[in-house]
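Reading through the structure tokens given below for one structure.
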Amino acid sequence: MKDTSTWPVFSLYYIAIDTEAGITQEDFEVFVRNKGVYIPYYPGWRWTLLRGLRGERAGQYLMLLEIQNAKMRDLYVAADGNQTKKAQEFWEQHPEATELLAEWRRYGTFSELPTLFTDYRLLAENKKSTVRPGPRYQQQPPIARVIGIHNLALRPNVSAEQFESFVEDNHQRIVDYPNWKFRLLKGERGNRLDQFVVLMEIASLEALNVFYPDPDIATNEAAQFAKLHYDTKKMYEEWKKFASFSGSPQIYTDYISIAESLNQTQRS
């Protein structure tokens, strides 16, 4: 298999707001956008706060952490999810974060234990996608990308190694819809160890609705695109011999980005 040790790690943390204390979604999102985005974070780390649009976790929150690589992750978080000594030193060196973190926790949970989490290793991505690196959320000009998290399941008697080999050999055949970007991830730490997900990053809600305005119901534009890109469609059919594909009947959630960290420290 290809060496992916220098590729990004994607870490997902479920986030819950304290509705019993009267906290509303609007309260939480206003705080995060106005103050929470300035909480300093580890070098080489970037976070985006997401709210479920549709699927299993519609209306619920998820923190997406994109980390430069596994080495940068391991400097700050141990395999069991606890902070390393270097992480503890980081927070000691940023006392301005203490008050902001305490205020965040009055609204809801943060990306830390005991929150459920999974670290995913990147296995493959479409480097030809028209979605380019850039902000997932900003107020002006408005940017709010959609992040789809689609869980996969292997076919009977198919090993993880067989599926990964197929994807490694064939993912370059994928042509995404305009303004969509495919990534395949595999859980390597946390609550969904060794499970596969497709992470689909979409430039906007409008770009999602061109092809799927309703869950699992493709538009005529999607059908026409499939006809024009026959080899991609053929590759997906080959994929299904090894594992399920994104969407029903597997569990999934499509999220909208609602805030992104602004106070990122310099990479070391």
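Residue indices begin at 1 and follow the sequence shown. Small disclaimer: the values here were computed from a predicted structure and weren't measured.
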Would you say [X]'s side chain and [Y]'s backbone share a donor-acceptor pair under 3.5 angstrom?
{"X": "Ser11", "Y": "Glu66", "answer": "no"}
{"X": "Ser204", "Y": "Ala207", "answer": "yes"}
{"X": "Gln195", "Y": "Arg192", "answer": "no"}

Query raised in the report: Among all residues two or more places apart in sequence or in another chain, which pass the side-chain contact (heavy atoms from CB on, under 4.5 Å) test with Ala79?
Result: Arg189

Verify same cluster id: [X], [Y] (apolar side-chain graph, 4.5 Å):
{"X": "Val198", "Y": "Leu193", "answer": "no"}
{"X": "Leu185", "Y": "Val131", "answer": "no"}
{"X": "Val30", "Y": "Met63", "answer": "no"}

Check the side chains of [Y] and [X] for a donor-acceptor pair under 3.5 angstrom, ignoring hydrogens and angles.
{"X": "Thr219", "Y": "Glu221", "value": "yes"}
{"X": "Thr6", "Y": "Asn69", "value": "no"}
{"X": "Tyr41", "Y": "Ser111", "value": "yes"}
{"X": "Gln68", "Y": "Tyr42", "value": "no"}
{"X": "Arg57", "Y": "Gln60", "value": "yes"}
{"X": "Tyr252", "Y": "Arg54", "value": "no"}
{"X": "Asn126", "Y": "Ser129", "value": "no"}

Euclidean distance, [Y] [atom2] relative to [X] [atom1], rounded to 0.5 Å:
{"X": "Thr109", "Y": "Arg105", "atom1": "OG1", "atom2": "CZ", "result": "10.5 Å"}
{"X": "Asp169", "Y": "Ser165", "atom1": "CG", "atom2": "OG", "result": "6.5 Å"}
{"X": "Asn151", "Y": "Ser244", "atom1": "CG", "atom2": "OG", "result": "8.5 Å"}
{"X": "Asp194", "Y": "Leu154", "atom1": "CG", "atom2": "CG", "result": "10.0 Å"}

**Report entry** Lys NZ or Arg CZ of Lys127 over Trp7 ring: under 6.0 Å, within 45°
**Finding:** yes

Requested in this report: Assess whether side chain to side chain donor-acceptor pair (under 3.5 Å) is satisfied between Tyr76 and Glu89, documenting all intermediate values.
Outcome: CA-CA 10 Å; Tyr76 298 98; Glu89 292 172 350; over 6 Å; no

Crowding at [atom1], [X] (>12 non-hydrogen neighbours, <6.0 Å):
{"X": "Glu99", "atom1": "CD", "answer": "no"}
{"X": "Glu237", "atom1": "CD", "answer": "yes"}
{"X": "Lys128", "atom1": "NZ", "answer": "yes"}

Ring-plane angle category for [X] and [Y], please: parallel below 30°, perpendicular beyond 60°, tilted otherwise.
{"X": "Trp239", "Y": "Phe166", "value": "perpendicular"}
{"X": "Tyr107", "Y": "Phe28", "value": "tilted"}
{"X": "Phe117", "Y": "Tyr13", "value": "parallel"}

Query - Leu65 and Arg46, any side-chain heavy atoms less than 4.5 Å apart - result: no

Report task. Using a 4.5 Å cut-off on heavy atoms from C-beta on, say whether the side chain of Leu184 contacts that of Glu125. Result -> no

Side-chain donor-acceptor pairs under 3.5 Å in residues 139-146, sequence neighbours left out?
residue	atom	partner	partner atom	Å
Arg145	NE	Pro135	O	3.4
Arg145	NH1	Arg132	O	3.3
Arg145	NH1	Glu201	OE2	2.9
Arg145	NH2	Arg132	O	2.8

Query - Under the side chain to side chain donor-acceptor pair (under 3.5 Å) test, residues paired with Glu238 that sit two or more places apart - result: Arg173, Lys234

